[in-house]
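To start, the structure under review is shown below, and the notes come after it.
Everything numeric in this text was worked out from a predicted model, so none of it was measured.
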Amino acid sequence: MMPVRILIADDHEIVRRGLIALLQTQPEWEIAGEAVTGREALDLARQLTPDIAIIDIGMPELNGLEATRQILKMLPQTEVLILTMHESEQIVREVLAAGARGYVLKSDAGKDLVTAVEALCQHRTFFSSKVSELLLHSYLRQPEKAEPGEGTRSRLTAREREIVQLLAEGKSNKEVAQSLNISIKTAETHRTNIMNKLDLRSITELVRYAVRNNIVEP
């Protein structure tokens, strides 16, 4: 039987070491690669075609939600498990919309991680108990109005979401262009289009938008 190949993406080395220690207790599982940024996770996924990708949400250059969207678009057979400290209802909804089938809180990783990966290996879903409670609570509530920014967020393209994150992290147009391998003029055009689309007037407003919509962490 071929080993289950797992990609780990988290920008904290101590977290990656802990995850590897947990996963290596299963002899049939193999750590195929480690990524420190969302963009590195995307590149490694393209190279390694892992069976399972374990991805943190709050990563530099490309957040875990956007990395998940792009990985699953490129590799629909790969299962994605989100591992995060966040347990907000909005983020859970966005994780599900991105296509991830597992959501484990870092506080529960010790007891849930192996079980979660086993479930995803069988193409089943897995959620930490607190996350399941959030989903049930959301289902039982009466429908509510969409949260501010939800409509504009959905109108951004994948490339625009990438650029929003890079700009919010303090990158210049030149650095954005270098990171995405595009021309400075193209980066400037994207920036102008984004600001117009979101009706923003300054980078400060863009940073607030990025934080509010979980594109970057505060």
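- In this structure, Arg208 does not pair ionically with Glu205, as no charged nitrogen and carboxylate oxygen lie closer than 4.0 Å.
- By the 4.5 Å heavy-atom criterion applied to side chains, Ile54 and Leu113 are counted as neighbours.
- Between the side chains of Gln165 and Glu169, at least one donor N or O lies within less than 3.5 Å of an accepting N or O.
- Rounded to the nearest 0.5 angstrom, Lys197 NZ and Thr192 OG1 are separated by 13.0 Å.
- Of the possible donor and acceptor atoms, one in the side chain of Asp51 sits under 3.5 Å from a partner among the backbone N and O of Arg5.
- Hydrophobic clustering, with ILVMFWY side chains joined whenever heavy atoms are under 4.5 angstrom apart, keeps Leu48 apart from Ile6.
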request  = Check step by step if side chain to side chain contact (heavy atoms under 4.5 Å, CB included) holds for Thr78 and Thr49.
outcome  = CA-CA 7 Å; Thr78 295; Thr49 60; 5.6 Å; no

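- Residues Leu75 and Pro50 share a closest heavy-atom pair of CD1-CD, 4.3 Å.
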query = Can you check side chain to side chain contact (heavy atoms under 4.5 Å, CB included) on Val176 and Ile184, steps first, answer last?
reply = CA-CA 8 Å; Val176 169; Ile184 295 177; over 6 Å; no

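- Side chain of Asp10 to main chain of Arg16: no donor-acceptor pair is present (N/O by atom type, distance under 3.5 Å, no hydrogens or angles).
- When atom types are taken as modelled, the side chain of Ser179 and the backbone of Glu175 share no donor-acceptor pair closer than 3.5 angstrom.
- Annotation: the span from Glu162 atom CD to Glu66 atom CD amounts to 6.0 Å, rounded to 0.5 Å.
- Within the 4.5 Å cutoff, no side-chain heavy atoms of Leu180 are placed close to those of Thr186.
- Nearest heavy-atom pair, Glu30 versus Pro3, reported as atom, atom and distance to 0.1 Å: OE1-CG, 3.5 Å.
- Listed here is the closest heavy atom pair of Leu7 and Ala41: CD2-O, 3.7 Å.
- By the criterion of side-chain heavy atoms lying less than 4.5 angstrom apart, applied directly or through intervening Ile, Leu, Val, Met, Phe, Trp or Tyr residues, Phe126 is grouped together with Leu23 in one hydrophobic cluster.
- In terms of heavy-atom proximity, Ala210 sits nearest to Ala168 at CB-CB, 3.7 Å.
- In terms of heavy-atom proximity, Ile82 sits nearest to Ala100 at CG1-CB, 3.8 Å.
- Salt-bridge check for Asp199 with Arg201: passed, with a basic side-chain N closer than 4.0 Å to an acidic carboxylate O.
- By the 4.5 Å heavy-atom criterion applied to side chains, Thr125 and Tyr103 are not counted as neighbours.
- Residues Leu120 and Trp29 share a single hydrophobic cluster, defined by chaining ILVMFWY side chains whose heavy atoms lie under 4.5 Å apart.
- The residues Glu34 and Arg17 are annotated as salt-bridged, a charged nitrogen and a carboxylate oxygen being separated by less than 4.0 angstrom.
- When every heavy atom of Ile55 is checked against every heavy atom of Gly64, the shortest pair comes out as CG2-CA, 3.7 Å.
- Taking 4.5 Å as the limit, every side-chain heavy atom of Gln26 sits out of range of all side-chain heavy atoms of Val4.
- The CG atom of Asp56 sits 3.5 Å away from atom NZ of Lys106, with the distance rounded to the nearest 0.5 Å.
- Of the candidates Asp108, Thr115, Val114, Asp108 is the only one forming a side chain to side chain contact (heavy atoms under 4.5 Å, CB included) with Lys111.
- Residues Met59 and Ile31 fall into different hydrophobic clusters, defined by Ile, Leu, Val, Met, Phe, Trp and Tyr side chains chained together at heavy-atom separations under 4.5 Å.
- Annotation: the span from Arg69 atom CZ to Arg161 atom CZ amounts to 4.5 Å, rounded to 0.5 Å.
- In Met85, the CE atom is not crowded: 12 or fewer heavy atoms of neighbouring residues, nucleotides or ligands sit closer than 6.0 Å.
- No side-chain donor-acceptor contact under 3.5 Å links Arg39 to the backbone of Leu62.
- When side chains are defined from C-beta on, Val164 does not count as touching Asn213, because their heavy atoms never get closer than 4.5 Å.
- A donor-acceptor distance shorter than 3.5 angstrom exists from the side chain of Asn63 to the backbone of Leu65, with no hydrogens or angles considered.
- The pair Arg191-Glu188 does not count as a salt bridge, with every side-chain nitrogen at least 4.0 angstrom from each carboxylate oxygen.
- A side chain to side chain contact (heavy atoms under 4.5 Å, CB included) with Leu83 is found for one member of Asp112, Leu105, Ile57, Val104 and no other, namely Val104.
- The cluster map of Ile, Leu, Val, Met, Phe, Trp and Tyr, joined by side-chain heavy atoms under 4.5 Å apart, puts Val15 and Val117 in the same cluster.
- To the nearest 0.5 Å, the span separating CD1 on Ile215 from CD1 on Ile163 amounts to 12.0 Å.
- Distance CD1/Ile20 to CD/Glu13: 9.0 Å, rounded to 0.5 Å.
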